[in-house]
> 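Attaching a single structure in structure tokens format; questions to follow.
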Number of protein chains: 2
Amino acid sequence: MRAASIKDVATHAGVAVGTVSNVLNYPDRVAEKTRQRVLNSINELGFIRNDVARQLRAGHSRTIGLIVLDIGNPFFTSISRAAEDAASESGNAVVLGNSGHDANRERHYIDLFEEQRVQGVLISPVSDITERLSALTARGTKVVLVDSPSSEGDFSSVSVDDVHGGYTATKHLLDIGRRKIAFVAGPQHFHQVSDRLAGARNAVAEFPDATLEILQGNDLTVLAGREVGDTLVMRQQGELPDGLFCANDLLALGMIQSLTMLHTLRIPEDVALVGYDDIDFAASAVVPLTSISQPTAMIGRTAIELLAEQLDNPDAKPRSVVFKPELVVRASTTEAQSHQR
Amino acid sequence: MRAASIKDVATHAGVAVGTVSNVLNYPDRVAEKTRQRVLNSINELGFIRNDVARQLRAGHSRTIGLIVLDIGNPFFTSISRAAEDAASESGNAVVLGNSGHDANRERHYIDLFEEQRVQGVLISPVSDITERLSALTARGTKVVLVDSPSSEGDFSSVSVDDVHGGYTATKHLLDIGRRKIAFVAGPQHFHQVSDRLAGARNAVAEFPDATLEILQGNDLTVLAGREVGDTLVMRQQGELPDGLFCANDLLALGMIQSLTMLHTLRIPEDVALVGYDDIDFAASAVVPLTSISQPTAMIGRTAIELLAEQLDNPDAKPRSVVFKPELVVRASTTEAQSHQR
DNA sequence: TCTAATTCTTGAAACGATTCATTAGTACGA
DNA sequence: TCGTACTAATGAATCGTTTCAAGAATTAGA
């Protein structure tokens, strides 16, 4: 009941193991007649090549590890889907690990991937693990940072200019006349949060009569957004911001939920709202959400390409690609509520 | 620059390779002094165990393959997260493959996983691939069907009683007095769709004055839901259904989007709405969605357990677990719009 | 001090593929 | 018929572990 090996096939076909291997890898080195005989044996025995043995001999696998911060966030789902597609074009598979913003799980996955001798690791880091990643690189496993700029240029990286995105989002609110801006934050040690806030600050600084308030959420989830929103709706009318910029779309969806609950506040008339990431659910929210679109498909694909670069030319300098995010205007910031899509 | 092997460690520590292996796998077979010496060498050389070689020797990997229908659907994300957690408790890793309802990609992943000699495959099948899966089993790779009942009892399976779920959803609409029911379908060759419809039929049959209409969507996505919704809002007032049951939440969210767009229809007063899956975004929709909750975490975890069962006892009969889904009532079907959560 | 029992350590074999230097076989021209 | 040139096929070595029978070293008991 043991799975058939190349040796079994060789015996069955009456040839040497090397010949079977050639049939699989260099078919035209083998005479037509022999090849047919071997192929028949392969079918008859139900032989499936053992990739583990192949990898051992080759010294590396056909696998790429991807470690994301939150698989429940459509932003990362979308990236991983793109990475998977791009990788499979070159015959590689992507193994997905979900750190869930937990440094221990992150470490666990790095260890696992290194033991599995993956070709490379794409990672959206939770914590500062430059050291661990350098060790990885030193031993030959390539690393590409995803959605995180390379601090010292040690690694290749794909990222999106979050400061610029934060600026764009906030500038848009200011441009439509809002002056009492609030930033709905997530935990500020997430660089995504602090960078977007920095951008918001830059934009507000350009308008002397504008103010920026920070509403602290304790996570980047819908629930956290609702919690922040609930505190907001309790305020006096005059103390409300008229422009809200949320650190991501999940927060923004939670905000919408809270703000529309009592039907006392109108979006965007009373409060205009901008999210970040432009996830699919943002476009299909009941008040379609203006958001900052990140090219997730490009991010995933580029990560794979940067990795391929490193693999093809081991001495290549790491390269960083930074995308510019784009504003997508929808009903949550447009007074004339057009219903077009 | 080649990664250090166990042999390098042995040389460096002045012991035999077998001893290094023992330090890693059976530490108490090795004298304290020797063990320390070996551990030092391991650290100094930055040795990382090569899991590929280990697997080759062991004959199997520590990896489990999971093939889902749509990684963009939070239903599957949630299952895979649970499976991953459960697997990691026993030191196994889950490799995720996304078939995207495409039979070719499905086949591709099965091949890949078999070549990688994964311990087992958890799969939510697109097409009827019983034959291919039987071949897998015959060669020693265990199979567990996920969200799909085992047709002939050939494989272990975890599923949820979709007929019952469809019944429950529809019965709820009938119980709150709705009689003109419509089922918003996805492609009917998805068994999830046809089963839920069957349940809906059963419920409607219990009420002589009730009717059931089928609105055909061409996918199980938010966009498809909007398309169906758009055709619906064009209808005359009298021809509208007063109770809608959507084949899944994504469709339902699209429906809400369309129905509320023109502010001519009220949910639930004019049309009550029930979805299916109870994804996170259902609870946080602006009209919180009544839905049929599936125990996704349990599904993922149980799939891993069923697999473990097969692995521990290769002769164990396949076992099928069927969960009952549960109705979760929210504002989309409750006239007295309570704002509690 | 000697023997027996116990604990440590050794190193070759095995896992299943690929590689590559050799050998075997074939075809052709002289 | 022989030699040359080429194509096919062979099978041992290799990748980095784990396993395990056997040998070496240590300890305990008398």
Side-chain angles (χ1 to χ4, degrees), chain A residues 1-39 41-42 45-63 112 114-119 139-141, chain B residues 1-39 41-42 45-63 112 114-119 139-141:
Chain A
M1 253 268 324
R2 208 186 77 270
S5 78
I6 215 176
K7 204 183 285 179
D8 300 324
V9 175
T11 308
H12 187 272
V15 298
V17 290
T19 303
V20 178
S21 175
N22 281 334
V23 169
L24 295 171
N25 300 294
Y26 307 94
D28 35 340
R29 281 191 195 163
V30 180
E32 176 64 18
K33 241 181 65 185
T34 318
R35 211 178 71 224
Q36 281 311 328
R37 199 144 39 91
V38 171
L39 288 176
S41 298
I42 286 179
L45 299 181
F47 166 78
I48 300 267
R49 189 212 258 106
N50 185 329
D51 204 44
V52 176
R54 200 237 280 260
Q55 280 178 28
L56 175 59
R57 182 63 233 246
H60 62 88
S61 71
R62 299 200 129 296
T63 309
L112 180 74
E114 188 167 16
E115 288 189 358
Q116 296 190 337
R117 297 292 191 274
V118 297
Q119 299 212 48
R139 296 189 207 102
T141 304
Chain B
M1 253 268 324
R2 208 188 78 271
S5 78
I6 216 176
K7 205 183 283 178
D8 300 324
V9 174
T11 308
H12 186 272
V15 298
V17 290
T19 303
V20 178
S21 175
N22 281 334
V23 168
L24 295 171
N25 300 295
Y26 307 94
D28 34 341
R29 282 193 196 163
V30 180
E32 176 64 20
K33 241 181 67 185
T34 318
R35 210 178 72 224
Q36 281 311 328
R37 199 143 40 90
V38 171
L39 288 176
S41 298
I42 286 179
L45 298 181
F47 166 79
I48 300 267
R49 187 213 260 105
N50 185 329
D51 203 44
V52 176
R54 200 238 280 261
Q55 280 177 29
L56 175 59
R57 182 64 234 243
H60 61 89
S61 71
R62 299 201 130 294
T63 308
L112 180 74
E114 188 167 17
E115 288 190 358
Q116 296 191 337
R117 297 293 192 275
V118 296
Q119 299 212 49
R139 296 189 206 100
T141 304

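All of these numbers come straight from a predicted model, not from anything done at the bench. Proteins get letters first, then strands, A, B, ... in listed order; numbering begins at 1 in each.
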> Go through dG16(C), dG11(D), dT18(D) for me and flag the one nearest to the A16(A) side chain.
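Nucleotide nearest to A16(A)'s side chain: dG11(D).
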> Using only side-chain N and O atoms of N25(B), determine if any of them is under 4.0 Å from OP1 or OP2 of dT18(D).
yes
> Any side-chain N or O of R49(B) less than 4.0 Å from the OP1 or OP2 oxygen of dT18(D)?
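Yes, R49(B) has a side-chain N/O under 4.0 Å of OP1/OP2 on dT18(D).
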> Rounded to whole Å, how long is the line connecting atom CG of L56(B) with atom C1' of dT14(D)?
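For the pair L56(B) CG and dT14(D) C1', the rounded distance is 12 Å.
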> Under 3.5 Å, is there any donor-acceptor pair linking the side chain of R54(B) to the base of dT17(D)?
no
> Scan V20(A) against the nucleic acid and name what it touches under 4.0 Å (heavy atoms): base, sugar-phosphate only, or nothing.
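If one applies the 4.0 Å heavy-atom cut-off, V20(A) turns out to touch nothing in the nucleic acid.
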> Looking only at side-chain atoms of N22(B), point me to the closest of dT10(C), dA9(D), dA17(C).
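For the N22(B) side chain, the nearest candidate turns out to be dT10(C).
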> Does dA8(D) have OP1 or OP2 sitting under 4.0 Å from an N or O in the side chain of T34(A)?
no
> Can you measure D51(B) atom CG to dC15(D) atom C1' for me and round it to whole angstrom units?
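My rounded result for the distance is 15 Å.
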> For K33(A) and dA8(D), give me the distance from atom NZ to atom C1', rounded to whole Å.
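Between C1' of dA8(D) and NZ of K33(A): 12 Å.
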> Would you mind classifying the nucleic acid contact of V52(A) as base, sugar-phosphate or nothing, using non-hydrogen atoms under 4.0 angstrom?
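Contact class for V52(A): none.
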> Grab the CZ-P distance between R37(B) and dT9(C) for me, whole Å please.
8 Å
> Among the candidates dT10(C), dA12(D), dG16(C), find the nucleotide nearest to the side-chain atoms of N50(A).
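Nucleotide nearest to N50(A)'s side chain: dG16(C).
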> Do R117(A) and T141(A) have side-chain heavy atoms sitting under 4.5 Å apart?
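They are not in contact (no side-chain heavy atoms under 4.5 Å apart), so the answer is no.
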> I need the CD-C1' distance between E32(B) and dT26(D), as an integer number of Å.
17 Å
> Would you say a side-chain N or O of Y26(B) is under 4.0 Å from OP1 or OP2 of dC8(C)?
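Y26(B) to dC8(C) OP1/OP2: no side-chain N or O under 4.0 Å.
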> Which nucleotide in the set dT19(D), dT18(C), dT10(C) lies at the smallest distance from any side-chain heavy atom of R57(A)?
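The answer is dT18(C), which lies nearest to the side chain.
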> Quick one, Q116(B) and S61(B) - any side-chain contact, counting heavy atoms below 4.5 Å?
no
> Just to confirm, is there a sub-4.0 Å distance from OP1 or OP2 of dG16(C) to any side-chain nitrogen or oxygen of S5(A)?
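So the side-chain polar atoms of S5(A) never come under 4.0 Å of the phosphate oxygens OP1 or OP2 of dG16(C).
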> Over how many whole Å does the gap from I6(B) atom CD1 to dT9(C) atom P extend?
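About 15 Å, once rounded to whole Å.
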> Just one of E32(B), Q36(B), R37(B) clears the side-chain contact (heavy atoms from CB on, under 4.5 Å) bar with T34(B), so which one?
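When E32(B), Q36(B), R37(B) are each tested with T34(B), the side-chain contact (heavy atoms from CB on, under 4.5 Å) holds only for R37(B).
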> If I compare all heavy atoms of A53(A) with all of L56(B), which pair ends up nearest, and what's the gap?
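Nearest heavy atoms, A53(A) then L56(B): CB-CD1, 3.7 Å.
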> What integer distance in Å separates R29(A):CZ from dT22(C):P?
17 Å
> Is there a side-chain contact between T19(B) and the phosphate of dT9(C), meaning an N or O under 4.0 Å from OP1 or OP2?
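For T19(B), the contact criterion (side-chain N or O under 4.0 Å from OP1 or OP2 of dT9(C)) is not met.
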> Here's a test of your reading of the structure: between R35(A) and A53(B), which maps to the more 5' nucleotide of DNA chain D?
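Upstream on the strand: R35(A).
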> Are the side chains of N25(A) and R49(A) in touch, meaning some heavy atoms are under 4.5 Å apart?
yes
> Take atom CD1 of I48(B) and atom P of dT17(D), then tell me their distance rounded to the nearest Å.
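So the two atoms are 11 Å apart, to the nearest Å.
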> About how many Å separate CD1 of I42(B) and CG of L24(B), when rounded to the nearest 0.5 Å?
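One gets 4.5 Å once the value is rounded to the nearest 0.5 Å.
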> Looking for any heavy atom pair under 4.0 Å, which part of the strands does G59(B) touch: base, sugar-phosphate only, or nothing?
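Nothing: the residue G59(B), judged by heavy atoms under 4.0 Å, touches no strand.
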